[in-house]
Amino acid sequence: MLKIKSVNFSYGEEQVLDDLSLEFKAGNIHGVLGANGAGKTTLFQIIYGLLTPSKGDVIFSDNNVDTSQIGYLETEPRFYPYMKGAEYIDLLSHRSPSFDVDIWNEVFKLPLNKLIDTYSTGMKKKVALLGIISQDKPILLLDEPFNGLDLESVENLNLILKELKKENKIIVLTSHILEVLKINCDKISFLYKGSVQKTFSKSGFQDINTYIKSDITQHSESVIQRIFSQ
Amino acid sequence: MCKAVRYFAPLTSTVTLTKVLKSLVSKILIFRLKQLWRLFKQVGFARIVLLAIIIAGFLVFELHDLISGDYLLAVLIYPLIILPIHLLRKDQGFLRKLDCSKESILAGEYHSLALPYSIYLVYFQQWSTIIIGHLLITIIPLLPSIKVEKRYRANNQFVKWIPVNLFEWRSYFRQRKFFLFICLVLAGLFSAYAIAIPIAILILVASFSEAFTHIESKELIESYPKNSNFLRSKLKDHSIFIHLLFLPFYALFLLFHLELWYILVLLLVIIECSICFCLLFKYSWFGYAQSEIHNQIPFVIFFISTVLFFPVGIAFLYFYWKKAIKALPVYVKN
């Protein structure tokens, strides 16, 4: 179990996370939903140890989380320039000798002998994901993993997530595509202005659309109508 | 022709000072100043002051002697500085999107850039140089820039012998293979001259900072083969690699100039310090938001300090060693 306990974080004056608490179970996929700037990426960076919260703790198996147990897929993965896909995977899978890149690449279909700089956005996402999978860590934080993927890759990723779930991993993922979260997740938490507004279990997923519509978009709708009526 | 008419139009029309100040050109210039301020903040004000002292020293002791006797050179300094900037700039696409003549913006920027040199010339009352220099600058924005397209070619067989964990060198060799090749071949061919190998090695070492301008992701640091002593392992592996690369040249130097062995010792120290600095400086910036660092100015300062005042270089290394240890993840034991 990964527990986020009353985490606070601010960038200068701006409070990004405000007393945020969440729990992620092993063998579960937990979705985090929220508008741009709601604090999703900041939350991931705190769990991953890239940012230090001003208050609160991240607990894994009753201890403060050891960030080397976490695999983190960034929204826009970054790579060292002039590095081949094969080299990247070779370096990352260094401690997992059983990882067979060739079998995995039958699914991902990446030109691993080419430089990553020449990859498309989706390919970069896939090679980063492959790298994280190769490390076989118990916690996976996937920030917008479906961004830029083609239809086939989206289906493949859905299948991979199912299998990783069976391996009892803790998987937390964000996406702006609600349907993707509904298909993959056991729970979806809705983040708004740095705190969890509501957590939906699978049986309540059908209410998410109505919830977002009623609480969030009403204001924007009236503003947009005002702009276009001018 | 049309381009030129558009470019010179604001000069011929009656534009009030307020309008000019509110114009897009002035906005762009203010934006450039902000960019410069941000760059200064990133590089560090102490280093900028140090660099300013070096430049001021050059201006006071060298530049005046250079230009006072040579009128043509004094004029040519204007295009020699501005022209490469113009030809190689990468923001022309952005400037084209703005609702203003691109040439006017470029002219505004180039004249502003040349201003410090013009002020310097005012002190020596070289009026005609200033006028001709600025006239030359006025023409430069009309010249087409060179489109530099990065070519990504992975299949360089020679990088295969570089261990994959020294990815910085693989990356650098892929980018700068011709430069490296020419330097090394020339050094080899002229190794009978005592100056050739030290100069070639110093040029190469000075360019090495380019290999360390990107910070790898946390996953790559975690996966480093011997990360129980990450920083030490990194320094050791990179040192071994670079000395192995230069080994034939050390041998050639000793073969032809054994009596100058102490030059080689000095070179070894400079190479070692430079590699350490590049690595330590890179990891001192480790953090999520930072994927690319501006290490050229700090490296130039370090390099000059090490060559001229050796202990200063060592102090730099100690400072960045401490900083890198602090910045790296806790579990990467140093």
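In what follows, every chain begins at residue 1, and chains take the letters A, B, ... in the order their sequences are listed.
No more than 12 heavy atoms of other residues, nucleotides or ligands shown are found within 6.0 angstrom of CZ on F178(B). More than 12 non-hydrogen atoms from other residues, nucleotides or ligands lie less than 6.0 angstrom from CZ of F179(B). Applying the 6.0 Å contact sphere to NZ of K137(A) captures more than 12 heavy atoms from other residues, nucleotides or ligands. The number of heavy-atom neighbours closer than 6.0 Å to NZ of K5(A), taken from other residues, nucleotides and ligands shown, is 12 or below.
Heavy atoms of A327(B) lying under 4.5 Å from chain A are absent altogether.
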Could you walk me through whether E87(A) and R174(B) pass salt bridge (Lys or Arg N to Asp or Glu O under 4.0 Å), step by step?
CA-CA 14 Å; E87(A) 289 169 0; R174(B) 279 176 181 139; 2.7 Å; yes
What's the verdict on salt bridge (Lys or Arg N to Asp or Glu O under 4.0 Å) for R78(A) and E292(B), showing C-alpha distance, side-chain angles and the deciding distance?
CA-CA 10 Å; R78(A) 57 194 169 97; E292(B) 202 174 342; over 6 Å; no
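Taking all atoms of both residues into account, the shortest heavy-atom contact from N165(B) to L91(A) is CA-CD2, 3.6 Å. The nearest pair of heavy atoms linking Q175(B) to Y82(A) is CG-CE1, 3.0 Å.
For residues 13-39 of chain A, the pairs satisfying ring-ring contact (aromatic ring centres under 6.0 Å, His included) are F24(A)-H30(A), with sequence neighbours left out.
Between M83(A) and S171(B) the shortest side-chain heavy-atom distance does not fall below 4.5 Å. Put simply, the side chain of Y80(A) does not reach to within 4.5 Å of the side chain of R170(B), judged on heavy atoms.
Atoms CD and CD, on Q69(A) and E222(B) in that order, are 10.5 Å from each other to the nearest 0.5 Å. Atom OG of S217(B) is separated from atom CG of L92(A) by 6.5 Å, given to the nearest 0.5 angstrom. Taken to the nearest 0.5 Å, the CG atom of L50(A) stands 6.5 Å off from the CZ atom of F286(B).
Relative to the ring axis of Y48(A), K218(B) places its NZ or CZ within 45° and under 6.0 Å from the centre.
Not counting sequence neighbours, the partners of K165(A) by the salt bridge (Lys or Arg N to Asp or Glu O under 4.0 Å) test are D186(A).
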